Each structure stands twice: as C-alpha cells, then as structure tokens.
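Contents: one structure, followed by commentary.
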Amino acid sequence: MIKAIKGTKDILPDSIGKWKYVENIISSVFKYYNYSEIRTPIFEETLLFARGIGEATDIVGKEMYTFEDRSKTSVTLKPEMTASVVRAFIEHSLGKKHSLNKLYYISPMFRQERPQAGRLREFHQFGAEALGSSSPLLDVEMISMAYDILSGLGLKDLTIKINSLGTPESRKNYTQKLREYLKDKKHLLSGESKERIDKNILRIFDSKIDNDIEVMKDAPLLLDFLDNESKDNFEHVKSLLTSSNIPFEIDASLLRGLDYYTKTTFEIISGKVGSQDALCGGGRYDLLVEQFGGEPTPGTGFAAGIERILIACEKENSFVVPESSINLYIVCLEKMLISKAYELAQSIRRNNICVEMDYIGRSVKAQMREANKLNSEFVLFFGGEEYSEGKVQLKNMKNGTQELVKIENLVNKISGD
RNA sequence: GUGGGCGUAGCUCAGUCGGUAGAGCAUCAGGUUGUGGCCCUGAGGGUCGUGGGUUCAAUCCCCAUCGCUCACCCCA
C-alpha cells in the first residue's frame, strides 16, 4: 500500500472544519490591520534560501528538500516564507509602488527533520512581513497580530518572549566579549557547550545542564551591548507593548535560528503542546533586502505554525467548530423515481439551497437517519400519490411538523417563505 | 543523525501464562405497508505490520525489517 510520505499528513473531511475556522480568523485579523495576501511559488532556486536564511543554519545545512530539476537547476521546496517574499518584493519593485508594503500569507512549508509532536515535514504557516519601515510600531504590530489571532482562537496558555539581537556589528562585538569571558571557564562547560563556543556561542545560554547554567549566570548579556539604534527600537517596542496591554517577558536567551534577524525578535510559546512549544516566531530584518540586491529596505515579520496551534487549541479546548448542516434531504420513496428526484435536487440546488439525497438505493429508514445525521433542516418525501398530483410532503426536522407542498413552491418554502 | 515506546477489524482498544481472535464506535439491514434523533435485534468486515527462527502448534517467545510515535538537536 502506498502511504503518505513520512512527516506529511492528509487533512481529512473530519478536520477540515477546524482548519477553515482557523484560516478565517487568520485572514480576518490580517484584514483589520490592512495586510494584503501574497502567494509565492512552492519552490525556489536553492540559492535564495541558502543566502537568505544562512548557510550555517540547521535549516539550510540539513533540513531542506533540495533537488535538481531536469535542466539541472537546484531547486528547493520552501522551508520558510520570508526569503520568498523579499525576492518577490525586489523582483516586482513593490517598494516603488508603495513606500510601505504590508503583506501576509498562509502556505505549506517543507523541512526534512525527524517528525515528532508539533513537527512535520510538510507543515503550514501563516505570517506577515512589513517592508519599508524601521518603526518599532511595526514590530509591535507583528506581535499584536499574532497575539490577536492566537487569543481569537481562544488560547490562554501563551507566553510572549522578546529579545534583541542588535545589529551584526554589535552582535559580533558581544560574542567577542563572551568568548573572552569563557576562555578560562571552558573546562567547566559540558561537551556540547564547548562545541558551541565556535559553532554558535549564544546557544550556550540554552543549555539545561546545571554546570553550564552556573557558568553562564555571570556572563555578559547581549542586551547590554546593543548599539543605540537597536536599544531605542527595543525600548520603544517594550513601552508600546505595555501600553497595548500585551503581556510579555524579556528572554535574553531567545535566539532565532535564522541569520537575517536584527534588532527586536520575539516568540510566542504555548504551555500545552509538548516540547516543540513555539507557536510563532519573528523579528526584524533590516539588512535582508539589500543583501539580495534590492534598495536598502528595513523589514519586520513573523511566522506561526498552524499544526502546533491546532494542538494547543485541542488541548485547551479553545473553540468549537459550528456543526455543519444542509437545507434539504430528498428521501426517495420509490426506486423508480430516483432520476426524477435527482432532477429535482439539481433544480433546487440552482437556487443556492444545499440539497442532498440518497444515491445508493438505501431504505427509507436509512435515508431518514442520514438526513438526521446531516442536520438537514427539511426532508422532502419524493413519490406516492402526492407526487402524481404535483405535490410532496415537506417535513421540518427541527419541530417534526410536515405539510403538503406544491413542487413549484418548494424553493420559497425552504428558503424561509 | 542518536535514543525510548508501539504496531490485533474503517476508528479506539481488549485478549490468548503458545492451541490461528473479541468489545465499543462506525457501516449496512431490520424492529409491520412511505418517516429521523433514544432504544433493541442482526449482518458484513481481520492472512493479529512484513520476513525468518524456536515449537507438534505462534497473533502471543526470539531475531530481522518496515512503519508509526515520543524525545534529543533545531525550529513553526
């Protein structure tokens, strides 16, 4: 039997309701903030992600779905969206059309990692990018939109963490200081942390090993080494969040794993979804556009994982999808009449009325049970003497009442007189 | 890439201290002639993940393999 590829999931009719529910909230929140939707291809030239996300990152180093197409071009299924949006922004000169571009997306993404709870190889993200302003208003807007969507879905167990990574120069400055600090303490660190000194020194702050935590307790902090611009941005973001009543925590160990981030970054985690607890992450990327050869354009954005959010919603029982229903079920009383019943169904459907009937010759009882299961508003009994007189019995399933209706009056009756 | 758990009907699971299997839900048919939701009756549906080994005999023991799952890493 051929099965879906590891780490991919079918979204079956049972669960499509909650996906639509979530997607509706997402796009309505973006609409209130006046973000426009953008869709980009599912795959791009590999170079785009390699350069944008960073050669040394895990995503580029070991997680991308990369292959050569028939013309020997290396292409990659998108592992995230920011690089693609920036590419489209430059390619279509969006910066010339509007000085500020506020964009959002909902799209599948692909990363070849080992699947686990809240982590798939094909997963769905929504997110936003604002290109053309370095204003902290937009950093706050990102956090605010993400928070509005998550709370709009009824989630309560959320923590917003913010940090600032500064500019590349201030970060470089800082890591130098950190390296000096660790020079004579190296022997106290765990093996893993030792390796990180060269690989990704900031990650040592993430260690859960007691000795490492002890060593890092007195280490210099990046936040104390920020350049003035980054510091201003961060301070402004904090005060705007406070005045917008958005609760947040400062987390100096919050590091985003993509190279393009500068200044303020943030993450929203859920206490309900297991070890992959980041529902959403984002931050500012003021240098990415020019890095790709565009006019220098500051940007900020975020992305959130829909599957993780759905896990959180289920754990918190945070919303109930309204039951689906139909307007009319046609119960066919005589098998001979099934084609006539179908013609009637068709003509009623063309009046924007949702009609279902039995296609497989089930008993009347079974048809009634089906009508009930579908939450049909009305049931029409098709056949018998009434039919030969051009009438049918129409039953209201809510209150059980039934009346004889002329076939030509059905549409009016059903659409509520 | 590394480690743990699991793999029995469509779904959720039970079970056999080794003698080829069951429940609930779902599906279908019925509970008097053309009528639902509750309830009742019945039916269909499984080579017990796959391959090999031990044994008179394995779904249950052993080995391998595949798949799923959780965790590390990292990320949404």
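What you see is a predicted model; the values in this text were computed from it and never measured. By convention in this document, chain letters (A, B, ...) are assigned in the order of the sequence lines, proteins followed by strands, and residues within each chain are numbered from 1.
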- Item | Span that lies between the P atom of U47(B) and that of C60(B), in whole angstrom | 16 Å

- Message: Measuring only the P atom in each nucleotide, how far is G22(B) from A9(B)? A whole number of Å is fine.
- Response: 14 Å

- Message: Students often get this wrong, so: under 4.0 angstrom with heavy atoms, is Leu333(A) touching a base, only sugar-phosphate, or nothing?
- Response: base

- Query: Are Phe126(A) and Tyr104(A) close enough that their ring centers fall under 6.0 Å?
  - Reply: no

- Query: When you measure from the centre of the six-membered ring of Tyr181(A), is the NZ or CZ of Lys185(A) under 6.0 Å away and within 45° of the axis?
  - Reply: yes

- Taking a pair to mean Watson-Crick or G-U wobble geometry with both distances below 3.5 Å, G44(B) pairs with none

- Message: Say we look at G30(B) and G37(B): how far apart would their P atoms be, to the nearest angstrom?
- Response: 14 Å

- Test item: side-chain donor near acceptor, Glu129(A) and Thr82(A), under 3.5 Å: yes

- State which residues pass salt bridge (charged side-chain N to carboxylate O under 4.0 Å, His left out) with Glu122(A); sequence neighbours excluded, sorted by chain then number. none

- Query: Across the strands shown, which category fits Glu122(A) at heavy-atom distances under 4.0 angstrom: base, sugar-phosphate, nothing?
  - Reply: nothing

- Query: What nucleic acid atoms does Thr57(A) come within less than 4.0 Å of, heavy atoms only: base, sugar-phosphate, or nothing?
  - Reply: nothing

- Measure from CD1 on Ile149(A) to C1' on A76(B) and round the result to the nearest Å. 13 Å

- Would you kindly give the CD1-to-C1' distance between Ile268(A) and A76(B), to the nearest whole Å? 12 Å

- Item | All pairs passing ring pair (Phe, Tyr, Trp, His ring centres under 6.0 Å) where residues 325-374 of chain A contributes a residue, at least two apart | none

- Query: Taking atom C1' of G34(B) as reference, at what distance in whole Å does atom CZ of Phe382(A) sit?
  - Reply: 14 Å

- Note on the structure: By nearest-heavy-atom nucleotide on RNA chain B, the more 5' of Met397(A) and His124(A) is Met397(A)

- Message: By the 4.0 Å heavy-atom rule, please label Glu307(A) as base, sugar-phosphate, or nothing.
- Response: nothing

- Side-chain-base donor-acceptor pair under 3.5 Å for Gln367(A) and G34(B): no

- Item | Watson-Crick or G-U counterpart of G3(B), or none if no pair lies under 3.5 Å | C70(B)

- Could you give the CD-to-P distance, from Gln112(A) to C74(B), as a whole number of Å? 19 Å

- Query: Rounding to the closest angstrom, what is the interatomic distance between A64(B) and G4(B) at atom P?
  - Reply: 12 Å

- Query: Across all strands, who's sitting opposite C61(B) as a Watson-Crick or G-U wobble pair, both distances under 3.5 Å?
  - Reply: G53(B)

- With a 4.0 Å cut-off on heavy atoms, is Ala371(A) in touch with a base, just the backbone sugar-phosphate, or nothing at all? nothing

- Task: Indicate for each nucleotide in nucleotides 67-73 of chain B, in 5' to 3' sequence, whether protein heavy atoms under 4.0 Å reach the base (B), only the sugar-phosphate (S), or nothing (-).
- Result: SSSSBBB

- Task: Assign Gly383(A) to base, sugar-phosphate, or nothing according to its heavy-atom contacts below 4.0 angstrom with the strands shown.
- Result: nothing

- Distance check: side-chain N/O of Lys335(A) vs OP1/OP2 of G34(B), anything under 4.0 Å? no

- Query: Any donor-acceptor pair under 3.5 Å linking the side chain of Glu316(A) with the backbone of Asp157(A)?
  - Reply: yes

- Partner of A21(B) under the Watson-Crick or G-U wobble criteria, both distances under 3.5 Å, comes out as none

- Task: Please work out if Gln393(A) contacts a base, only the sugar-phosphate, or nothing of the nucleic acid, heavy-atom cut-off 4.0 Å.
- Result: base

- Between P of C38(B) and CE of Met368(A), the distance in whole Å: 13 Å

- Message: Classify Glu385(A) by what it touches in the nucleic acid, base, sugar-phosphate, or nothing, heavy-atom distance under 4.0 Å.
- Response: base

- Query: Using 4.0 Å as the upper bound for N to carboxylate O, is an ion pair formed by Glu141(A) and Lys102(A)?
  - Reply: yes

- What does A9(B) pair with, Watson-Crick or G-U, if both distances are under 3.5 Å? none

- Under 4.0 Å between a Lys/Arg side-chain N and an Asp/Glu carboxylate O for Glu113(A) and Arg119(A)? yes

- Note on the structure: Between CZ of Arg369(A) and C1' of C39(B) the distance, given in whole Å, is 10 Å

- Message: Only pairs with both distances under 3.5 Å count, Watson-Crick or wobble alike; so what is the partner of U32(B) in this structure?
- Response: none

- Item | Criterion side chain to side chain donor-acceptor pair (under 3.5 Å) on Thr264(A) and Asn233(A), from CA distance to verdict | CA-CA 7 Å; Thr264(A) 300; Asn233(A) 180 280; 2.5 Å; yes

- For Lys365(A) and for Gly281(A), find the nucleotide of RNA chain B with the closest heavy atom, then tell me which residue's nucleotide is more 5'. Lys365(A)

- Note on the structure: Per atom distances to the Asn372(A) side chain, the nearest of G34(B), G36(B), A76(B) is G36(B)

- Message: Looking at Arg362(A), I'd like to know whether one of its side-chain N or O atoms comes within less than 4.0 Å of OP1 or OP2 on C28(B).
- Response: yes

- Message: If I take atom CD1 in residue Ile2(A) and atom P in nucleotide C66(B), what distance separates them, rounded to the nearest angstrom?
- Response: 18 Å

- Would you say whether Phe381(A) stacks on G34(B)? The test is a distance between ring centres of less than 5.5 Å and an angle between planes of less than 30°. no

- Integer-rounded Å distance: G37(B) C1' and Lys373(A) NZ: 11 Å

- Query: Does the side chain of Thr40(A) come under 3.5 Å of the side chain of Lys78(A) through a donor N or O and an acceptor N or O?
  - Reply: yes

